[in-house]
Amino acid sequence: MEFIVEKIGMSRTIGLTSTAVTLLRVLPAKVCEVVDGRAIVAYSNTKAANKAIAGQQKKYGLSSEFNKFATLSVGDVAVGDLSTEALSEAKVLKVTFKSKGRGYQGVVKRHGFAGGPASHGSRFHRRHGSIGDCEWPGRVQPGMKMAGHMGNETCTVKNEVLSFDAANGILAVKGSVSGYNGAMGKVRIVK
């Protein structure tokens, strides 16, 4: 079963050991339509609705609060409010978010290359060095670590559930989750 969540931020629990915790808010959602175990779910987002969204709101009889739609695997559920009862018994989740976009980066930041000496006129500081083969095959091999676009990728991580506050819809998972604070993602119950 899947749910739409918003990343609130990180904190930590203090016990015998200190543990990093990511706080996620489970967004209220409505199941609009169920087809073959996949459900079209409406939830609220801060973006303003365009004409296409307004048409879907009218089709499903939704208020203007629900202005974003997603397709989730929710199993056998009826059309209406999506219940979060299953999260109170969940132990492990798969959390999916987009990672922070870093733009075009060099090899030192993107792949952790060491770079060259900083002084004495070496003229080799933060570059990658030679990338080519000799005569054969005479081309750059696929998968070569080079400068390029970094981040902004969909990342899925398994996280252990520490607690779930059903009244406020706050989910605390152990460890870190990709993305910036306020990012939208989804969680899937593993066990």
Side-chain angles (χ1 to χ4, degrees), residues 1-12 18-27 29 38-53 56 67-74 92-162 171-191:
M1 194 161 196
E2 293 180 330
F3 298 92
I4 301 289
V5 293
E6 176 188 5
K7 183 176 175 179
I8 297 172
M10 290 194 72
S11 184
R12 53 181 56 253
S18 177
T19 306
V21 172
T22 303
L23 300 173
L24 305 171
R25 178 182 293 116
V26 181
L27 297 176
R38 306 277 301 163
I40 296 173
V41 175
Y43 62 97
S44 64
N45 193 356
T46 56
K47 286 188 176 179
N50 56 22
K51 286 185 180 180
I53 298 295
Q56 284 187 306
N67 58 357
K68 194 85 170 147
F69 292 86
T71 305
L72 300 177
S73 174
V74 292
V92 178
L93 299 173
K94 276 195 174 177
V95 183
T96 304
F97 275 87
K98 264 199 182 252
S99 64
K100 288 181 183 178
R102 303 290 183 192
Y104 191 90
Q105 295 299 326
V107 291
V108 172
K109 183 167 181 177
R110 190 177 186 211
H111 298 294
F113 282 25
S119 63
H120 295 295
S122 73
R123 295 171 58 190
F124 171 63
H125 302 299
R126 294 176 65 89
R127 291 193 250 161
H128 51 70
S130 176
I131 59 163
D133 294 317
C134 196
E135 276 191 36
W136 187 86
R139 60 187 171 88
V140 177
Q141 296 292 321
M144 180 71 66
K145 290 182 178 178
M146 297 174 71
H149 190 271
M150 181 179 176
N152 199 29
E153 297 172 342
T154 303
C155 300
T156 302
V157 187
K158 248 186 211 180
N159 291 84
E160 182 185 326
V161 177
L162 296 178
L171 186 63
V173 293
K174 186 177 182 179
S176 63
V177 169
S178 295
Y180 54 88
N181 294 346
M184 301 288 184
K186 56 183 163 181
V187 296
R188 183 161 59 90
I189 297 172
V190 176
K191 63 177 179 176

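What you see is a predicted model; the values in this text were computed from it and never measured.
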Q: To the nearest 0.5 Å, tell me how far Arg188 CZ sits from Ser73 OG.
A: 7.5 Å
Q. Taking the side chain as C-beta and beyond, is there a heavy-atom pair between Ser176 and Met10 under 4.5 Å?
A. yes
Q: Could I get the full list of salt bridge (Lys or Arg N to Asp or Glu O under 4.0 Å) partners for Arg25, not counting sequence neighbours?
A: Glu6
Q. So, for Leu93 and Val190, which heavy atoms are closest and what is the spacing to 0.1 Å?
A. C-CG2, 4.0 Å
Q | Side-chain heavy-atom pair Lys186, Phe3 within 4.5 angstrom cut-off | A | no
Q. Is the backbone of Tyr180 close enough, under 3.5 Å, to the side chain of Lys7 for a donor and an acceptor to pair up by distance?
A. no
Q: Work out which heavy atom in Phe97 is nearest to a heavy atom in Met184; give both atom names and the distance.
A: CE2-C, 3.5 Å
Q: Search all heavy atoms of Leu23 against all heavy atoms of Ala172 and return the closest pair with its distance.
A: CD2-CB, 3.9 Å
Q. Taking all atoms of both residues into account, what is the closest heavy-atom pair of Gly129 and Phe124, and its distance?
A. N-CE1, 4.1 Å
Atom pairs and distances, donor-acceptor, side-chain atoms in residues 136-162, under 3.5 Å, two or more places apart:
| residue | atom | partner | partner atom | Å |
| --- | --- | --- | --- | --- |
| Gln141 | NE2 | Asp133 | OD2 | 3.1 |
| Thr156 | OG1 | Thr96 | OG1 | 3.0 |
| Asn159 | ND2 | Lys174 | O | 2.6 |

Q) Between Thr71 and Arg38, do the side chains contain an N or O donor and an N or O acceptor separated by less than 3.5 Å? A) no
Q: To the nearest 0.5 Å, tell me how far Asn67 CG sits from Asn50 CG.
A: 9.5 Å
Q. Do side-chain atoms of Glu2 reach the backbone of Leu72 as a donor and acceptor pair under 3.5 angstrom?
A. no
Q) For the residue pair Tyr43 and Ala70, what are the closest heavy atoms and their distance? A) CE2-CB, 3.9 Å
(Q) Please check this pair: side chain of His125 against backbone of Pro117, looking for a donor-acceptor N/O pair closer than 3.5 Å. (A) yes
Q | side-chain contact (heavy atoms from CB on, under 4.5 Å) between Asn181 and Ile8, intermediate numbers included | A | CA-CA 5 Å; Asn181 294 346; Ile8 297 172; over 6 Å; no
Q) Please walk me through it: do Val5 and Leu27 pass side-chain contact (heavy atoms from CB on, under 4.5 Å)? A) CA-CA 6 Å; Val5 293; Leu27 297 176; over 6 Å; no
Q. Any side-chain heavy atom of Val41 sitting closer than 4.5 Å to one from Phe69?
A. no
